[in-house]
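All values below come from the heavy atoms of this structure, side chains included, with hydrogens, waters and symmetry mates left out. Numbered from 1 within each chain, the chains take letters A, B, ... in sequence-line order. Quantities reported herein were computed from a predicted structural model and do not represent experimental measurements.
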Amino acid sequence: MKGLFCPKSLELKQILRTMKITTFLLLFVTFQAYSNAGYSQSAKVSIPNSALNVSEILNQIESQTEYLFVYNKKSVDVHRIVNISANKLPVSEILDNVFKDTNIKYIMEGKNIVLTERKENTNSDSSQQGNIIVKGSVTDTKGEPIIGANVLEKGTTNGVITNVNGKFSLNVPTNATLTISFIGYQPISILVNGKKVINVQMKEEALALETVVVTAMGIKKKAASLTYSTQQIGGDELTRAKDPNLINSLAGKTAGVSITKNASGLGGSAKVSIRGIRSANENGNNQPLYVIDGVPMLNNTTEQAFSVMGGNNDAGNRDSGDGISNLNPDDIESMSILKGASAAALYGSQAANGVILITTKRGKAGMQRITFSSNLTVDQAISLPEFQNTYKINGTTSWGDKQTDMKDYNNVDHFFSNGVTAINSVSVQVGKEKTQTYFSYANTTAKGIISANKLYKHNLTLRETGNLFNDKLILDANVNLITQSVNNRPTSGGYYMNPLVGLYTFPRGKDMSEYRENYEVFDESRNMPLQNWYTSTLDFEQNPYWIVNRITSKDKRYRAIASLNAKLKINDWFSIQARGNIDFINDKFQQKFYAGTAENLCHENGRYIDLNNQEFMAYGDIMGMFNKSWNDWAVNAALGASNNMTKTNMLKLDSGKAGLYYANVFSVANMILNSGTAYVDETQNARRNVQSVFATAQIGWKESIYMDLTARNDWSSTLANTSSLHSGFFYPSVGLSWIINKTLSLPSWINFSKIRASWAQVGNDLPIGITSPQPYITSGGIVKQIQYDFDKDLKPEISTSWEIGSEWKFFNNRLDLDFTFYHTNTKDQLLYINTPTGSHPYRYINAGKIRNYGIEITLGGTPFMTNNFRWKTNVNFSTNKNKIVSLGDNPEFDYGTGVNMPYRMRVKEGGSLGDIYGNDFVRDENGKIEVTETGAPKIETGNNSLIGNANPDFMLGWNNTFTYKGFSLYVLLDAVIGGDVISLTQSALDLRGVSKASGQARDKGYVEIEGQKFTDVEGFYNVVANRGDGCTSYYRYDRTNIRLRELSLSYSFPQSLLESTKFLKGIDVSLIARNLFFLYKDAPFDPDAILSVGNANQGVDIFGMPTTKNIGFNIKFTF
Amino acid sequence: MKKYILFFVLSGLAIFSACTENFEKYNSTSGAYTDDLQEYDFQKQLIPFKTIQTAIVYQTGVDGTDWQFQIMENLAADMFGGYFHDMNGGFNTQNSSYKLNSGWVGAQWSYTYAQGMPPIASAEALCSKEEYPAFYALTKILKVAMMHRVCDYYGPIIYKNFGKDTPTPESQEDVYTDFFDDLDEAIKILVTYVADKGPNTFESADIMMPEGKRTYSQWLKFANSLRLRLAMRVSNVNSELAKTQAQAALNSANGGVLENADETVGEYGIRNPLGGVSAWQEVYMNASMESFLNGYQDPRISKYFSTAVGNTGKEGEVAELFPIVDTYKGIRQGTALDKDNRYMNHSRTTITTSSNIIVMTAAEVWFLRAEAALRGFVDTGKEAEYYQKGVETSFAQWGAGDASSYLTSEATPTDYKDAFDNKFDVAARTSVTPKWTEGTKEEELERIITQKWLATYPDGCEAWAEQRRTGYPKLFKVAVNLSGGAIDTDIMIRRVTFPTDLDAATTSSLNQLLGGSDNGGTRLWWDVGQNNF
């Protein structure tokens, strides 16, 4: 914890500064919001100090607001003169003043203000005779006050509206009935029956009727009617224990969705895989489509790990980050995961990998809420390798003599420090009847476990919703501005430019401090400081402190997302909606390698990488929506068209080994780019245009049987020069569901029962430009010829899938079960086949078939419930089997050939995607490992043995919420069972004799494998841990791990306590932890931290950054 | 109202679904070097040649990495031919010890077919014999220069049928017939073209002839020299064919052969990948080179290799049995020591990334002529004279001074002593001297080929092919053989295995044409196991 609370710490200063800024913003916004008050009363009127008659005052109000007065002239004396002075006063306040001490009262009904005569006398006598004053408050289901709700004595015009605190006070007969109503909420009637205090909680209309979920294209449907499985995630799941990449918060919470994060430190990209991998292509797209409020967003990862050895052009492996990590979790109201093709079918050629629909927060009519939340976590490295501490240095290895009193210098612990992540956010939700506003600002400041690694992120969101023309037209505009900087993002693994290589392999019993303090020494011949390390720094191994301080990088992203949605309600059952958005990302990446960096990877004058990347997306759609019921029938249909254009411009300049003219001058002009060893990667105007028409209809009968049909035709520009350019591709789906309990009478303990089935066909669009190959020029003026040709019938990968499922609710909804079986065949795999005998060395074809099938089960319940205590629990289970059914007539192919490491991923007919190949022991017919004359095991090299598969057999998530009064304890256990991972880190550490395993083997005098003993320990490791030709199977571990993924203990301060503060509506404090510990783990690293979010480089750890556990607190104020 | 809405939506859809005409533009990124732009300056015809010329001694250029060359040649022919050895411990148990790494040995095929053959196919398509006769001829010459290296690695390959719908492989015998046919056709075209004083249209794209000699008549000399090289290659298996081809090659009416030290055919002005691999400290002197060069006190030794650094006292070094500092010290093939990189302080090559890449030298041609004379194909009896020319030309080419004392030297190769472990010590296998002495034809051939081997440095492909054909020079055998019986230690490696990523039909056809197991022990067609005199 050293440094964390030390005032000298830069991070703390940064956090304090951030908090100051947020506090200021908070106060500013609070002030703004207060001056804006609540909805009905918020229309402000100014009347200069004067004496006016009532009629003139009413006219003034009518002219300054949209209100119209309705009254009987006989009962209201409009000529009465009133002294008035109003400067931006709410209407209600003026009216209170005008009709003070009269028998006139007013009630607001929508735009009308009705003035009526009180039937009763206002004197105290009558109240004693049978009237009482009823006081109370009106809140929503979350306990938030509802401002401006109408409280009316039933059958009369006697009524009031609630004030800013949701409070009301009304004089009514003791036996009266109160009717409480508010737009969007279910009205409530309550018998007064002499009660003086009546507190009412109103339910939202939709909620009250039935759960409504957002489905494809943003169409809302009743949850009960769906013919496929979706999963809803509340926004609180993302904010309970925040992660700099919000999607990581979903890990373990959804059946069938696997979320793993890149081992590249703060804000790294995430691999989200829904119901298995479908595309076999090395660069294939297997990530879901993200849709925000009905419009898609960019989520590209421009760069991922190049190989297990190192990055592109001998740089370090780089994780460029992804799109989803940019969002502010506080802005998210809910997420809806469309897992299967049926659910996502309406997205056609983008739907193959599922869709994640994000609904963001908006202002609500009658609501005024400000929340401020602050989240601070301390991140600590876990799953670090284990080292021996008994055997001395010998050469550069630790295969030396035994020394029992050897000092443990803890060089590794010294290198990592505690990371700190602070996320502060403020949001304002405020709404009048006509316009609603949502504003938020979030600031993320984080320091990684390598202290040079920093992340700064700012999110600003403004959303404005307006209802115009008598609520006929709804306009909804949303602007998101994001800036993010990541300094010195660590490599996700590999040997190149990776500080962990030198750090972990440093000889035991030696103190690294000399090299920590002097990572560079002055070189007289060059008159400059150069790298200092105990051994050669030609390529792989360098001083870790040199890498951290002298190979520096900065990733900067500016992003703007703006969207507009207009919905015109033609009548009760038909409306037209038009939506559009633009998403613009500007990335800049600069990496500086100082002179003195490994000479095989860097020029003697240093190396510089300068990358600029712009991605732009413009999307627009128009939809006609039809929603009507007749007798037993209900139809919910939509017909629409959309146009989606994305454009990428990228320029990467990498001086590579061609170098710099002058040492350590990091500018483009100083780069030597005129040779082939420099690397220029240029993408100019790479565009994708997808034009679509689509239609969907849901037909319901007696609210018990529903049929869903969707159809979409996509025309994609990526089909240029193919035979399907003009016809495009058609993607249909059909589904059926039957709510049994509405048709048959079931035992009373069954509350809900449904079966469903659906079928769909969707696509995975071609990559941009592959059907328009062109020669281009690379650095040094080298003409890069077209390397491939392609089948003229090239088409998207087509997934045909079906699923069946069933949902049940029992015992007054205290137990629920959801079961799904799905099956997907993805044919026409896009293969880049080697044609070593053809006129081009490669060819793109569609061939082969990948099958995925599996089951998903979620089981939820409330096993225990008393007045104060409640235990809610939910288990989700999923399994997926993947099979490469065929590859056409093509031979197997590898991901990542040409790298001299005992690791390959191979796609082979009969195998599964994620299969890892490598070297294995040579065994005799009895399974005994054969040995060489020196007693070392024999190894079959060439990477032709199937070692395992990176994908798990099944996944299990178990979350529990225990609530007791204001306390709430949330525990999420996440289990990944089965699958295999390889640790080439362990192999490298064994080879160098620094690992604990190698020490223990020496203590024992042998290495034992299945009863077979190898007594030459060093000789054994020299063979099995050989970098190029080692025994992969010896370093295979079970991926199975069970971890305490998320833990939070929160406390909400009781309302009674807060009321006295007048302005605070809620305080929630919580202690949070993520990744606290493993209940079980076989691998010497976190097997869910990955080298790449792409298809290649899976299931292998090669000096990846250690996973962190995160412990901290979260505090949230609501005003 | 309803009608209007429906009309509005439907017409909207109709408009939408009709805009695919821009798709081709959208799908093509800007900044490409399109066909239209390639028309300027005849680049369309010339560009393929830029790639072809760099694909003979493989240089990707684009990726700027050298490991492709390393696995194609440096960890195979360069070592099997006795020139180099890698110090990398991790590599010593693979090709070096005859346990062929399939990913490496398939690379000569994979990368040549990927990089070199497609532009040849496009050059053939773009430059017809009628329209661009000179370009057509160059394509043929380059194709042979490139593909005989591949053919000499594996045996049967795809040559004539490349780029066709059914790219059927051919036996090595058929491929060699095609080589001679192609060279014959090219030579005839160029002879006419030069005689007709056709314009010198290739100069701007030429990187293979030395500057100042970028003419078609120089290309003609190269074509004849290449023909002579291939003629001698088949001399043991088909002496008649060899004779016919050698006579055609040396027929002065066909334009002559390379004769002078300044006529080295190479790949000029581009990065030398051998230098790139050497920069990784992975190109060391082979023990056989040490034995001959040291034994002969060959002045070229300092041009070829740097002296050993020896133990520097750094941690991790293995102690030397005797000091090697400042001596020329090589590494024996097949030491199979993968514990450490103990040989990293031995002698390294002097070749750097800026050294010229050598494809063919005049010295080699003199030795080929010596052999042709020895075999009685042409100029019978002139073998001693041509041998002497060969040595002198090589000395001149490397700036190694006067060769006269060398040519009278009776020095013999030295025994090899391993610097760390005497179990790898081995005695020299021959006592052949630089000095020409009359002897049997076999003895004379050994002398010619041994000196040719010293002169063709660092072209491992040619060295290994000729060593297999003739058995010379007498290289040290592998110390440890891990081939599992596939390769006999005494017979030594004869070829490498086909790449594993070929389609099944091609693989089975190749295996059939090979006529033996697809391993390193099977002899190629021209490798008959003895010299026929």
* chain A contact via S28(B) - side chain, backbone, both or neither, heavy atoms under 4.5 Å -> both

* Asked: What option among G1030(A), G942(A), P773(A), S772(A) has the most heavy-atom pairs under 4.5 Å with chain B?
  -> S772(A)

* **Any L719(A) side-chain heavy atom under 4.5 Å of F23(B) side chain** => no

* To do: Using non-hydrogen atoms and a 4.5 Å limit, figure out which bit of Q43(B) sits close to chain A: side chain, backbone, both or neither.
  => neither

* Structure fact -> So, the part of L766(A) with a heavy atom under 4.5 Å from chain B: the answer is neither

* Top of A114(B), G276(B), P48(B) for chain A proximity - count of heavy-atom pairs under 4.5 angstrom -> A114(B)

* Considering only heavy atoms, which portion of I158(B) lies under 4.5 Å from any heavy atom of chain A: side chain, backbone, both, or neither? -> side chain

* Check whether N713(A) gets within reach of chain B through its side chain, its backbone, both or neither, counting any heavy atom under 4.5 Å. => neither

* State, yes or no, whether a side-chain contact exists between N27(B) and I768(A) at a heavy-atom distance under 4.5 Å. => yes

* Partner chain A: residue of K50(B), K99(B), M117(B) with the largest heavy-atom pair count (under 4.5 Å) -> K99(B)

* **Min side-chain heavy-atom separation E24(B)-L725(A) under 4.5 Å** => yes

* Could you look at T941(A) and say if it's the side chain, the backbone, both or neither that has a heavy atom under 4.5 Å from chain B? => side chain

